[in-house]
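To keep things clear, I will list the structure first and then write my remarks on it.
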Amino acid sequence: MGLDKFRIRDDAKWGHPELEVSYSLMGQSVGYSEVLLNDDLSFEERQEFAAHAEDGFKDYLPDYDWSRVTEYEAPGCIDEPDAPPVKMLVANPKEKWSYKRNSPCILIIPGGGLTTCFRFTADIENWADKFGVPVATLTYRTLCQGAQYPAPVNDCEAAYNFLVEHAKELNISPNKIVLHGNSSGGHLVTGSLPQVKETWHYPTRMYGMGADH
């Protein structure tokens, strides 16, 4: 069903059965965004696509080094009373920290076309080693899960709030948190920044690399 339309299929690794199923569900589509724009796909089919895509990519991703990566559960966004908790990961530098105390922290918001939240777009361990500072990421609600605006933005705000409120525990400075996002994560960075600035009034830095989703 249109699998020959994908240039990445020239690479043998994309022959993974879960990815084959995922891409076949996309029909003649050429990207994740097109799944959402395909009126012929039901909500259940879009969820199935997301599940297969996540399962397929897991086989190509190494597990985290849990000796320096910690999982947290941030309370849901205060602007959304019924918001669910947000799962977060924070990676510390493997060796030397660049700051002895009050370290900056980078919060990477993953991409995935807003249909999925792909952790491979948030390379927290390598970034922590490169910059010598803690690097965090989160799993936000996606459109394939039925989430609507502003749910993913609220999840990003909840993750930021968690870092600020637990700054002392994490050995970071609450006014030195950098927001970074790739692809749809870049869009969520721009959407989150006004909310976190209004709440905390910190001079948060923003680095987003968006795409034409």
Side-chain angles (χ1 to χ4, degrees), residues 32-33 35-36 42-51 53-55 57-58 64 69-91 105-122 124 134-170 172-211 213:
Y32 302 115
S33 302
V35 175
L36 294 178
S42 67
F43 171 66
E44 290 73 18
E45 288 173 320
R46 297 176 194 190
Q47 285 188 307
E48 185 181 358
F49 158 78
E54 291 280 8
D55 289 342
F57 279 116
K58 285 177 183 176
Y64 288 109
V69 176
T70 305
E71 187 173 15
Y72 297 94
E73 191 172 82
C77 180
I78 57 176
D79 296 326
E80 184 184 344
D82 297 326
V86 176
K87 291 184 178 180
M88 295 183 64
L89 295 172
V90 179
C105 178
I106 303 172
L107 174 58
I108 301 180
I109 301 178
L114 294 177
T115 64
T116 49
C117 184
F118 283 142
R119 78 166 175 87
F120 68 84
T121 64
I124 58 176
V135 180
T137 190
L138 73 146
T139 300
Y140 53 79
R141 287 168 287 175
T142 65
L143 294 172
C144 275
Q145 296 171 331
Q148 297 182 349
Y149 176 84
V153 174
N154 287 346
D155 290 345
C156 296
E157 180 185 359
Y160 180 94
N161 292 345
F162 180 88
L163 294 176
V164 172
E165 293 166 354
H166 294 79
K168 186 174 181 179
E169 170 191 343
L170 298 170
I172 64 174
S173 172
N175 63 352
K176 294 180 182 177
I177 298 175
V178 177
L179 294 178
H180 172 86
N182 176 266
S183 192
S184 59
H187 291 281
L188 291 175
V189 167
T190 58
S192 305
L193 193 63
Q195 293 182 211
V196 300
K197 275 185 169 292
E198 182 178 354
T199 302
W200 297 102
H201 306 290
Y202 285 137
T204 305
R205 296 184 182 276
M206 173 188 72
Y207 296 95
M209 294 186 292
H213 288 313

Sorted by chain and number, sequence neighbours left out, side chain to side chain contact (heavy atoms under 4.5 Å, CB included) with P152 holds for Y140, L188
Value for OG1 (T190) from CD1 (I109), rounded to nearest 0.5 Å, stands at 9.0 Å
Closest non-hydrogen atom pair between V153 and G191, with its separation = CG1-O, 3.5 Å
Got a sec: does the CD of Q148 have more than 12 other heavy atoms crowding it under 6.0 Å?
-> no
Could you state the interatomic distance from CG (L163) to NZ (K176), rounded to the nearest 0.5 Å?
-> 15.5 Å
So, does T70 use its side chain to make a donor-acceptor pair with the main chain of V90 at under 3.5 Å?
-> no
For the atom pair SG (C105) and CG (L179), what is the distance rounded to the nearest 0.5 Å?
-> 9.5 Å
With rounding to the nearest 0.5 Å, note down the distance linking CE in M88 to CD in E71.
-> 11.0 Å
By side chain to side chain contact (heavy atoms under 4.5 Å, CB included), which residues pair with E80, not counting sequence neighbours?
-> A83, R141, N154
Measure across C117 and T142 and return the closest heavy-atom pair with its distance rounded to 0.1 Å.
-> N-CG2, 3.9 Å
Under the side chain to side chain contact (heavy atoms under 4.5 Å, CB included) criterion, do L138 and L107 qualify, and how do the steps go?
-> CA-CA 8 Å; L138 73 146; L107 174 58; 4.2 Å; yes
Could I get the full list of side chain to side chain contact (heavy atoms under 4.5 Å, CB included) partners for A158, not counting sequence neighbours?
-> C77, V86
Rounded distance (nearest 0.5 Å) linking atom CD1 of I78 with atom CD of E157 | 6.0 Å
To the nearest 0.5 Å, atom NE2 of H187 lies from atom CG of N182 at 10.0 Å
Please name all residues satisfying ring pair (Phe, Tyr, Trp, His ring centres under 6.0 Å) with F162, sequence neighbours left out, ordered by chain then number.
-> Y72, H166
